[in-house]
Asker: 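My questions will all concern the structure given below.
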2 protein chains.
Amino acid sequence: MSKSASTQPSAKPSSQSSGVAAPAFRPLYEQIKSLIMQSLAAGEWKPGEAIPSEFELATRYGVSQGTVRKAVDALAGEFILVRRQGKGTFVATHTAPAHQYRFLRMRADGEPADSARHHPVTTFIGLTRERADALAAAKLRLRQGQSVIKISRVLVFAGRPIILDEITLAQASFPGLTIEMLEASQGSIYSFLETTYGARMIRADEAIKAVAADRFAAKHLEVPVGTPLLSVDRVAYTYGDKPVEWRRGRCVTDGYSYINELA
Amino acid sequence: MSKSASTQPSAKPSSQSSGVAAPAFRPLYEQIKSLIMQSLAAGEWKPGEAIPSEFELATRYGVSQGTVRKAVDALAGEFILVRRQGKGTFVATHTAPAHQYRFLRMRADGEPADSARHHPVTTFIGLTRERADALAAAKLRLRQGQSVIKISRVLVFAGRPIILDEITLAQASFPGLTIEMLEASQGSIYSFLETTYGARMIRADEAIKAVAADRFAAKHLEVPVGTPLLSVDRVAYTYGDKPVEWRRGRCVTDGYSYINELA
DNA sequence: GAGTGGTCTAGACCACACC
DNA sequence: GTGTGGTCTAGACCACTCT
């Protein structure tokens with residue numbers, strides 16, 4: 001984008017009167033943000049790696065450093081990039097100890113939200129290959145009947161089983177996945193999927209209900225059948241809002257709570 | 001702050017070696033942000049009103065418009081201010097229809113998170129004055145035994161009672177509050193407290209558990225005793241992180257879910 | 001047209017990390 | 001010291017709202 005007479009190199013309104021709601025105007029930094037996202041999605045810079053400096057990116061895209069900065073700021077705000085003063089800007093990763101359990105909201109009661117808490121221990125129960133039912137297909141945007149992988153596991157906090165997860169993944173996205181690989185891996189499942197399959201979880205939606213423990217949950221969580229449990233449904237997304245993982249967690253809330261901050 | 005020789009008017013590091021972790025450096029825009037917060041807390045600009053333009057504030061504080069902008073951006077990001085292009089920057093309010101139920105996370109299943117959903121109807125059960133027990137005192141940072149107001153109510157969605165709330169407020173902050181005033185008010189309780197007492201809720205922390213319905217909850221939510229319910233504990237804060245409200249909600253999750261977005 | 005927020009640029013200097 | 005991100009400024013112009 002060469003600087004002609006104007007200071008505004010590109011991004012013309014071009015007020016086209018298409019049938020419905022015209023986007024009207026797209027700021028330059030939004031476009032830069034999209035370009036960076038594309039490079040990220042294409043794997044040009046891998047998780048944990050540094051991306052080029054702001055000045056390099058500014059030259060590359062033909063905009064000022066300030067505009068790149070605004071784009072990077074936005075991505076850092078979404079935890080897609082991480083800035084480190086004096087060092088550079090890095091692709092965020094679930095592998096870093098501090099972000100291992102980024103999406104885990106269960107906390108021991110009385111434990112501050114930001115504390116460097118002790119991490120849970122994972123016990124895998126099983127891994128099966130099935131055909132997607134209507135629910136799983138809808139959540140993962142697959143066709144019903146497509147192959148999926150179902151993983152069952154228990155998360156143990158301080159010696160107590162607290163969370164029972166049933167995780168569903170599209171078979172096509174994670175070929176060759178075995179329970180042995182999961183058992184051999186350290187840390188969170190997102191860390192594993194990231195390093196092994198390059199599947200980066202960007203964000204997730206959750207819907208929470210209260211349910212009574214069924215036989216299966218009661219057995220693995222070591223509580224009586226009928227005990228009220230938190231049921232946490234989650235869909236996790238990668239780049240481009242593509243759903244990758246669908247899970248249902250059952251959580252014991254005796255001594256533990258799901259914590260959330262509202263703003 | 002006059003522009004002397006340097007471009008950096010104030011905010012000197014002044015690396016004092018006090019006993020513990022020195023703040024080291026405080027950006028100008030952070031200081032401006034604090035000043036704006038002070039004016040907000042002091043009621044200089046009331047909820048719904050416009051604050052001075054960025055240029056006016058820049059002159060007032062002796063900084064550039066860009067620095068004011070950064071401070072205002074931060075406050076807008078926390079929903080403390082609201083920007084409206086072409087019109088001005090306004091003090092956020094719980095009274096506006098779009099933000100009436102800003103902290104309410106229960107949604108009918110299948111309803112998109114951002115939908116202009118139909119609002120709940122509130123039925124007040126009772127209002128009593130009591131002495132703070134240990135729990136309430138801790139949550140509201142009061143001394144045990146200080147006077148508190150306890151409000152019970154039910155939120156009805158589409159004709160069904162879904163949420164039973166028990167709300168605790170410090171008596172001292174809300175003198176003269178009666179159930180008649182609540183019943184006469186329209187919309188959310190935060191909207192009411194804001195317009196009547198000038199108490200603005202800025203943010204809130206929640207801790208969620210699954211519990212079995214007791215007799216009281218079963219009666220008002222029209223479910224059998226023992227039905228699993230979501231128990232949502234909330235502490236809401238005003239300016240200066242002062243806790244103002246402590247509530248415990250019990251929610252029916254048949255057809256409704258607590259929704260949350262993780263990033 | 002006037003006023004307000006929104007975008008973009010260019011350049012200076014500060015803070016931090018690594019050599 | 002060099003390079004990176006972080007802050008601050010000054011000025012130009014765009015987009016939106018109201019009069």
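Within every chain, numbering begins at 1; the chains are lettered A, B, ... in the order of the sequence lines, protein sequences first and strands thereafter.
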Asker: Give the nucleotide from the list D:dG6, D:dA15, C:dT4 with an atom nearest to the side chain of A:F25.
Answerer: D:dA15
Asker: Closest approach to the side chain of A:T67, judged atom by atom: which nucleotide of D:dG5, C:dC8, D:dT9 is it?
Answerer: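 That would be C:dC8.
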Asker: Can you find a side chain N or O atom of B:S64 that sits less than 4.0 Å from OP1 or OP2 on D:dA10?
Answerer: no
Asker: Specify the separation, in whole Å, of atom CZ of A:F55 and atom P of D:dT2.
Answerer: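 Spelled out: CZ on A:F55 to P on D:dT2 is 16 Å.
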Asker: Which one, C:dG5, C:dT7, D:dG6, comes nearest to the side chain of A:R69?
Answerer: D:dG6
Asker: Given atom CG of B:D73 and atom P of D:dC8, what is their separation to the nearest angstrom?
Answerer: 13 Å
Asker: Going by atom types alone, do A:D73 and A:Y29 pair a side-chain donor with an acceptor below 3.5 Å?
Answerer: no
Asker: In whole Å, what is the span from the CD1 atom of A:I32 to the C1' atom of C:dC8?
Answerer: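 That distance rounds to 11 Å.
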Asker: Show, in sequence, the C-alpha distance, side-chain angles and deciding distance for B:R153 and B:I167, and conclude whether the side chain to side chain contact (heavy atoms under 4.5 Å, CB included) test is met.
Answerer: CA-CA 8 Å; B:R153 65 162 189 185; B:I167 300 172; 3.9 Å; yes
Asker: Does the ring center of A:F192 lie less than 6.0 Å from the ring center of A:H94?
Answerer: no
Asker: Round to a whole Å and report the spacing from CG of B:L75 to P of C:dG5.
Answerer: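 B:L75 atom CG is separated from C:dG5 atom P by 14 Å.
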Asker: Send over the distance from A:Q85 CD to C:dC18 C1', rounded to a whole Å.
Answerer: 14 Å
Asker: Does C:dC8 have its OP1 or OP2 closer than 4.0 Å to a side-chain nitrogen or oxygen of A:K70?
Answerer: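 It does not, given that no N or O in the side chain of A:K70 lies less than 4.0 Å from OP1 or OP2 of C:dC8.
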Asker: If the test is side-chain contact (heavy atoms from CB on, under 4.5 Å), which one of B:T67, B:I36, B:L28 qualifies with B:Y61?
Answerer: B:I36
Asker: Answer yes or no: does a side-chain N or O of B:K87 lie under 4.0 Å from OP1 or OP2 of D:dC16?
Answerer: no
Asker: Is the shortest side-chain N to carboxylate O distance from B:K33 to B:E78 below 4.0 Å?
Answerer: yes
Asker: What does B:Y29 touch in the nucleic acid at a heavy-atom separation under 4.0 angstrom: a base, only the sugar-phosphate, or nothing?
Answerer: sugar-phosphate
Asker: Categorize B:R84 for me: base, sugar-phosphate, or nothing, with a 4.0 angstrom heavy-atom threshold over every strand shown.
Answerer: sugar-phosphate
Asker: For B:L57 and D:dT9, what is the distance between atoms CG and C1' respectively, to the nearest whole Å?
Answerer: 17 Å
Asker: Please report, rounded to the nearest Å, how far the C1' atom of D:dT9 is from the CD atom of B:Q65.
Answerer: 11 Å
Asker: Identify, between A:E30 and A:G86, the residue whose nearest nucleotide on DNA chain C lies closer to the 5' end.
Answerer: A:E30
Asker: Between atom CG in A:L81 and atom P in D:dT4, what is the gap in whole Å?
Answerer: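 These atoms are roughly 16 Å apart.
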